[in-house]
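Here's the structure, in structure tokens; my notes come after.
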There are 2 protein chains.
Amino acid sequence: MPQSSSDPHGPDAADVDAQSAAGETGTLGKAVALLDLVARAENPPRFTDLLKLTGQPRGSLHRQLRHLVLEGVIDLSPDGVYTPGLRLLQFASRAWARNSFRLVAEPHLTRLHETTGETVHLGVLRDCEIVYLDKIESRQAVRMHSQVGNSAPAYCTGVGKAALSCLDDADLTARCARMVFHSYTPGTLARAGDLMDDIANIRARGFAFDLEEHQPGIRCVAAAIHAPAAGILGGISVTAPAFRAGSEQLDAWAEPVCRAANAIVADIAGRLGPRR
Amino acid sequence: MPQSSSDPHGPDAADVDAQSAAGETGTLGKAVALLDLVARAENPPRFTDLLKLTGQPRGSLHRQLRHLVLEGVIDLSPDGVYTPGLRLLQFASRAWARNSFRLVAEPHLTRLHETTGETVHLGVLRDCEIVYLDKIESRQAVRMHSQVGNSAPAYCTGVGKAALSCLDDADLTARCARMVFHSYTPGTLARAGDLMDDIANIRARGFAFDLEEHQPGIRCVAAAIHAPAAGILGGISVTAPAFRAGSEQLDAWAEPVCRAANAIVADIAGRLGPRR
DNA sequence: AAACTCGGTTCCATATAATGGAACAAAAGG
DNA sequence: CCTTTTGTTCCATTATATGGAACCGAGTTT
């Protein structure tokens with residue numbers, strides 16, 4: 001369900017707005033803001049581009065970049081363009097491998113994949129977008145590495161909406177206010193009001209749909225995974241092309257999806273008690 | 001060929017030594033050193049653990065961690081343990097998707113995989129270890145996401161040794177001095193002298209072997225990819241279980257591997273000229 | 001050629017942000 | 001209840017980041 005990073009689906013790259021907390025994080029904040037800028041840029045920026053984008057004085061920017069490059073977090077090509085560095089891959093690789101949420105969810109995802117025969121996703125909510133932590137797909141003819149770590153707006157994905165539905169209203173409205181809506185498809189819920197309505201339904205029935213709201217021809221059923229005591233809020237989904245995912249079929253999948261989600265929550269609770 | 005992150009093959013987690021440049025990167029340097037510590041830790045550390053590991057005063061450490069957590073680069077579980085944050089996954093996902101080296105190499109990897117029918121790796125050298133950028137495998141029954149971004153010591157992998165062989169002697173010996181050797185298997189070249197000898201051979205014949213030097217039962221042929229003008233030094237390899245990779249077979253694979261490597265270098269050169 | 005721009009790098013006095021010791025708070029445990 | 005361990009907050013001191021300006025090299029223009 002996450003878009004393959006190659007296909008352009010919007011006017012430009014600004015998929016989701018820069019989400020740097022901007023709360024006082026001092027020097028570090030500027031550094032990661034810079035990294036974020038470099039990582040989000042459609043085509044690798046050079047010094048002057050960043051100069052314009054950040055609006056910082058030359059000296060400061062130059063030193064910051066130099067430090068980031070020295071740390072291997074950003075790479076500087078000999079032709080003067082900045083690209084995200086390899087060190088990030090190493091960090092992320094470890095982060096992924098050790099992520100306990102993913103680890104406990106894994107067997108359940110496999111089982112869910114076996115019972116439904118369709119693609120299964122695991123995602124977590126991060127502010128207003130969901131980050132995909134895992135994916136199980138049968139015929140993985142196409143490359144799929146790219147999917148893990150990919151993020152998509154919460155308001156137009158099944159797991160995103162399912163996760164949002166767990167928030168209390170104050171938090172929910174606060175996040176909605178921070179969202180920048182974009183109509184990826186005709187079905188996208190592109191207004192906060194529509195989203196809130198859908199979330200009311202999701203709360204009522206206990207699971208969420210994505211009816212071609214992010215990618216045309218792609219539908220899914222999703223259930224939230226909420227374990228506040230463990231600081232986990234995310235979800236899982238079963239995704240399929242529309243012709244294979246009629247409303248009856250989606251309804252049929254809802255039950256195993258919810259069952260898997262509940263099982264994962266239970267497992268998390270089980271591993272939280274005897275922690276250490 | 002890269003170890004699946006779960007299996008313990010050494011006494012402990014300290015696979016490769018912390019490689020923070022430690023050259024003056026000021027505040028940022030400490031931040032990523034901290035991140036590195038958190039990412040490398042076998043089991044998620046808590047505040048006091050990090051206090052001991054870093055030796056920093058409580059106040060400073062606490063503030064640094066708070067900043068990192070605020071930026072989403074480190075997560076703080078409600079039970080007080082620090083884990084690498086999701087933001088890293090997002091960064092890495094973008095880094096991977098946009099990496100131009102990987103993009104130009106991709107078709108060649110696919111072709112090489114088709115001609116040999118075995119697993120193909122793409123890696124780049126980063127100081128003394130190689131980071132895997134891509135992998136093409138036929139029957140990917142087991143999970144493989146984890147492989148991308150994984151790193152392994154350069155001295156005991158095919159692509160690692162191939163890449164090392166491109167360095168001039170001064171640089172090479174400097175890096176050797178920085179390596180911490182560890183005998184993963186009986187075949188591991190665990191002394192700098194042995195490594196240098198092998199590298200001499202690699203230089204002579206133009207490609208490298210890994211004869212079960214990192215993982216028992218796994219062999220590979222590798223060729224370097226060196227494009228100094230583009231700042232790229234890495235390699236590709238064909239990997240197979242030992243019973244399928246006799247010395248004749250490895251020799252036979254060497255030619256297509258080298259051809260693919262050369263083709264990639266040519267492609268890189270092609271895209272470097274008309275840059276912008 | 002000299003004069004000009006443009007992209008990038010270096011320098012240095014100043015102000016700001018990180019430092020770290022110590023006090024404070026809150027659990028664990030004896 | 002008192003002690004120990006673990007985590008958080010405060011604040012004067014100091015080191016560090018800042019940013020304006022000068023500098024450099026390479027292309028362009030006159």
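Every chain is numbered from 1, with letters handed out A, B, ... down the list of sequences. None of the values given here were measured: they were computed from a predicted structure.
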Determine whether a donor-acceptor pair (N or O, by modelled atom type, separation under 3.5 Å) exists between the side chain of B:Arg98 and the backbone of A:Asn43.
no

Given D:dG19, C:dG20, C:dG8, which nucleotide is nearest the side-chain atoms of B:Ser60?
C:dG20

Ignoring hydrogens and geometry, is there a side-chain-to-backbone donor-acceptor pair from A:Asn262 to A:Cys258 under 3.5 Å?
yes

Starting at CD of A:Gln64 and ending at C1' of D:dG19, how long is that distance when rounded to a whole Å?
11 Å

Send over the distance from A:Asp49 CG to C:dC6 P, rounded to a whole Å.
15 Å

B:Arg94 side chain vs A:Arg40 backbone, donor-acceptor pair below 3.5 Å:
no

How long is the line joining CZ of B:Phe47 and C1' of D:dT5, in whole Å?
13 Å

Check whether any side-chain N or O of A:Thr48 sits under 4.0 Å from OP1 or OP2 of C:dC6, and answer yes or no.
no

Is any side-chain nitrogen or oxygen of B:Thr27 closer than 4.0 Å to OP1 or OP2 of D:dA17?
yes

Rounded to whole angstrom units, what separation is found between the CZ atom of A:Arg46 and the P atom of C:dC6?
14 Å

Does a side-chain N or O from B:Gln56 land closer than 4.0 Å to OP1 or OP2 of C:dA18, or not?
no

Look at the side-chain N and O atoms of A:Lys30 and state whether any lies under 4.0 Å from the OP1 or OP2 oxygen of D:dT18.
yes

In whole angstrom, what separates B:Leu65's CG from D:dT9's C1'?
15 Å

D:dT18 phosphate, OP1 or OP2: any side-chain N/O from A:Arg63 under 4.0 angstrom?
yes

note: A:Leu76, atom CG; C:dG8, atom P; distance rounded to Å ~ 9 Å

Tell me which nucleotide among D:dA17, D:dT8, D:dG19 gets nearest to the side chain of B:Tyr82.
D:dT8

Determine the minimum heavy-atom distance between A:Val180 and A:Tyr155, stating which atoms define it.
O-OH, 3.6 Å

To the nearest Å, how far apart are B:Leu28 CG and D:dA15 P?
21 Å

Interatomic distance where CZ belongs to A:Arg58 and C1' belongs to D:dC23 [whole Å]:
11 Å

Does either side chain, that of B:Asp75 or that of B:Thr83, offer a donor lying less than 3.5 Å from an acceptor on the other one?
no

Which of these nucleotides, D:dT8, C:dG7, C:dT10, is closest to any side-chain atom of A:His62?
C:dT10

